[in-house]
Amino acid sequence: AGYRSKFIKGSLTASFVGNREDLYSDPVTFSNRNVTLRGYTRVDLGVSVAPVPRLTFTAQIENLFDARYQEVLGYPAPLFGFRAGAAIEI
């Protein structure tokens, strides 16, 4: 979903991922087996504000609700993250 006005833009994104199969490789026995990774929901939020022409402030929150999940077995996805910045057009 998104919002846009003359000075403000915003977005809210939700990703819904169901249970899925992955392959686990045992580093000791070198055997493989199928495993099921749990599904998850991840929500991201972004906003940008342009108070004057040629100046924009931005902020993004990734994984707003701190969902704990793995896209690949053994590699946890990053938890809550925040980023902010500014851009000046010359």
Side-chain angles (χ1 to χ4, degrees):
Y3 171 79
R4 176 177 278 200
S5 74
K6 188 173 181 179
F7 304 106
I8 299 173
K9 296 178 191 173
S11 66
L12 178 68
T13 306
S15 300
F16 305 98
V17 178
N19 292 344
R20 63 225 176 276
E21 296 295 317
D22 198 2
L23 186 64
Y24 171 73
S25 298
D26 189 305
V28 176
T29 64
F30 301 106
S31 62
N32 296 325
R33 66 182 166 93
N34 289 329
V35 295
T36 300
L37 298 178
R38 292 182 330 152
Y40 63 90
T41 300
R42 175 182 155 160
V43 178
D44 300 331
L45 179 67
V47 66
S48 65
V49 178
V52 295
R54 305 195 326 189
L55 174 64
T56 304
F57 297 101
T58 61
Q60 296 175 332
I61 297 175
E62 296 177 343
N63 200 0
L64 180 64
F65 300 113
D66 212 20
R68 297 174 190 275
Y69 63 95
Q70 296 180 40
E71 292 179 0
V72 177
L73 183 66
Y75 296 90
L79 299 176
F80 176 91
F82 177 77
R83 227 182 334 203
I88 300 173
E89 292 181 40
I90 299 175

Atom CD1 of Ile88 with >12 non-hydrogen neighbours under 6.0 angstrom: no
Qualifying salt bridge (charged side-chain N to carboxylate O under 4.0 Å, His left out) pairs with a residue from residues 81-90, counting only residues at least two apart or across chains: Glu62-Arg83
ring-ring contact (aromatic ring centres under 6.0 Å, His included): pairs with one or both residues in residues 7-26, sequence neighbours excluded: none
Spatial distance of atom CG (Leu23) from atom CG (Asn34) [nearest 0.5 Å]: 6.0 Å
Set of salt bridge (charged side-chain N to carboxylate O under 4.0 Å, His left out) partners for Arg4, sequence neighbours left out: none
Residue list, side chain to side chain contact (heavy atoms under 4.5 Å, CB included) with Thr58, at least two apart or on another chain: Ser48, Thr56
Whichever hydrophobic residues join Leu79 through chains of side-chain contacts under 4.5 Å: none
Heavy-atom donor-acceptor pair, Asp44 side chain to Asn63 backbone, under 3.5 Å: yes
Val43-Leu45 co-clustered via ILVMFWY side chain contacts under 4.5 Å: yes
All salt bridge (charged side-chain N to carboxylate O under 4.0 Å, His left out) counterparts of Arg54, not counting sequence neighbours: none
Sequence neighbours excluded, every pair satisfying ring-ring contact (aromatic ring centres under 6.0 Å, His included) that has a member inside residues 57-90: Tyr40-Tyr69
Salt bridge (charged side-chain N to carboxylate O under 4.0 Å, His left out): pairs with one or both residues in residues 64-82, sequence neighbours excluded: Asp66-Arg68
Sequence neighbours excluded - salt bridge (charged side-chain N to carboxylate O under 4.0 Å, His left out) pairs with any residue from residues 8-33: none
Sequence-distant partners of Ser5, side chain to side chain donor-acceptor pair (under 3.5 Å), two or more places apart: none
